[in-house]
Amino acid sequence: MMIKTVGNDKPIPYQSRVYELVREVPKGFVASYGMIAAFLPNVSPRMVGYAMAATPQGQNIPWQRIINSAGKISDRPGSARQRAKLEAEGVSFNKAGTVSWTKHRWQGPSDDWMQKTGFDPLEMK
DNA sequence: TGCGTGACTGCCT
DNA sequence: CAGGCAGCCACGC
């Protein structure tokens, strides 16, 4: 029979970790896929994109606040709705459809989040 | 059971 | 300085 390993908690699916961090982005601010990935070990920007594509509804996840590193909303069906939601939150776009990072850049996760996840800045590569 | 694919990014020509 | 490419998780057919 299958031997159960000891002292080895089952890993939290990467998508759940992405969603919990996305919840840290406040109204009126935006973060890039890469910014989210930078705080999550073993998660690449691409994977953040994968997770966002599979975002479950009804769980208070502000998916609209994640945009690409160029400061634009990634082109896809639904991008217009994303922009509308952001504008409703006070996020402004210039003529080229770009968000000002200077004004709206997310400042990083809360201390509470870092405590809860045991995030260690020194282990960032 | 395996393969394709989906909200990206930074490095290397 | 623009374009190509590797990275690498879940899930559906």
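Each chain gets a letter, A, B and so on, in the order its sequence line appears, and its residues count up from 1. Below, all heavy atoms of this structure are taken into account, side chains as well, without hydrogens, waters or symmetry copies. For clarity, every value in this text was computed on a predicted model and none was experimentally measured.
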| message | Rounding to an integer number of Å, can you tell me how far A:Leu40 CG sits from B:dT9 C1'? | response | 15 Å
| remark: note: A:Asn42, atom CG; C:dC8, atom C1'; distance rounded to Å ~ 11 Å
| request: Could you check whether A:Ser79 gets within reach of a base, just the sugar-phosphate, or nothing at all, counting any heavy atom under 4.0 Å? | output: nothing
| task | Take the protein atom OH of A:Tyr14 and the nucleotide atom P of B:dG6, then report the distance between them rounded to whole Å. | result | 14 Å
| task | Can you tell me the distance, in whole Å, between the CE atom of A:Met47 and the P atom of B:dG10? | result | 16 Å
| Taking atom C1' of B:dG6 as reference, at what distance in whole Å does atom CG of A:Asp75 sit? | 14 Å
| request: Determine, for A:Glu89 against A:Lys85, whether the closest basic-nitrogen to carboxylate-oxygen distance falls under 4.0 angstrom. | output: no
| Is it true that A:Trp106 and A:Phe39 have ring centroids separated by less than 6.0 Å? | yes
| field | A:Tyr33 side chain, from C-beta outward: closest of B:dT9, C:dA10, C:dG7 | value | B:dT9
| message | In this structure, how many angstroms lie between the P atom of B:dC8 and the CD atom of A:Gln82, rounded? | response | 11 Å
| Say you pick atom P in C:dA10 and the same atom in B:dG10; how far apart are they, in whole Å? | 23 Å
| request: Would you mind telling me which of B:dT9, C:dC9, C:dA10 lies closest to the side-chain atoms of A:Tyr50? | output: C:dC9
| query | Picking from C:dG7, C:dC8, B:dT9, which would you name as closest to the side chain of A:Arg46? | reply | C:dG7
| Do the side chain of A:Gln82 and the main chain of A:Ile66 share a donor and acceptor less than 3.5 angstrom apart? | yes
| message | What is the distance, to the nearest angstrom, from the CD atom on A:Gln15 to the C1' atom on C:dC11? | response | 9 Å
| field | Quiz item: cation-pi between A:Arg83 and A:Phe93, 6.0 Å / 45° | value | yes
| Nearest of C:dC8, B:dG6, B:dG10 to any side-chain atom of A:Ser69? | B:dG10
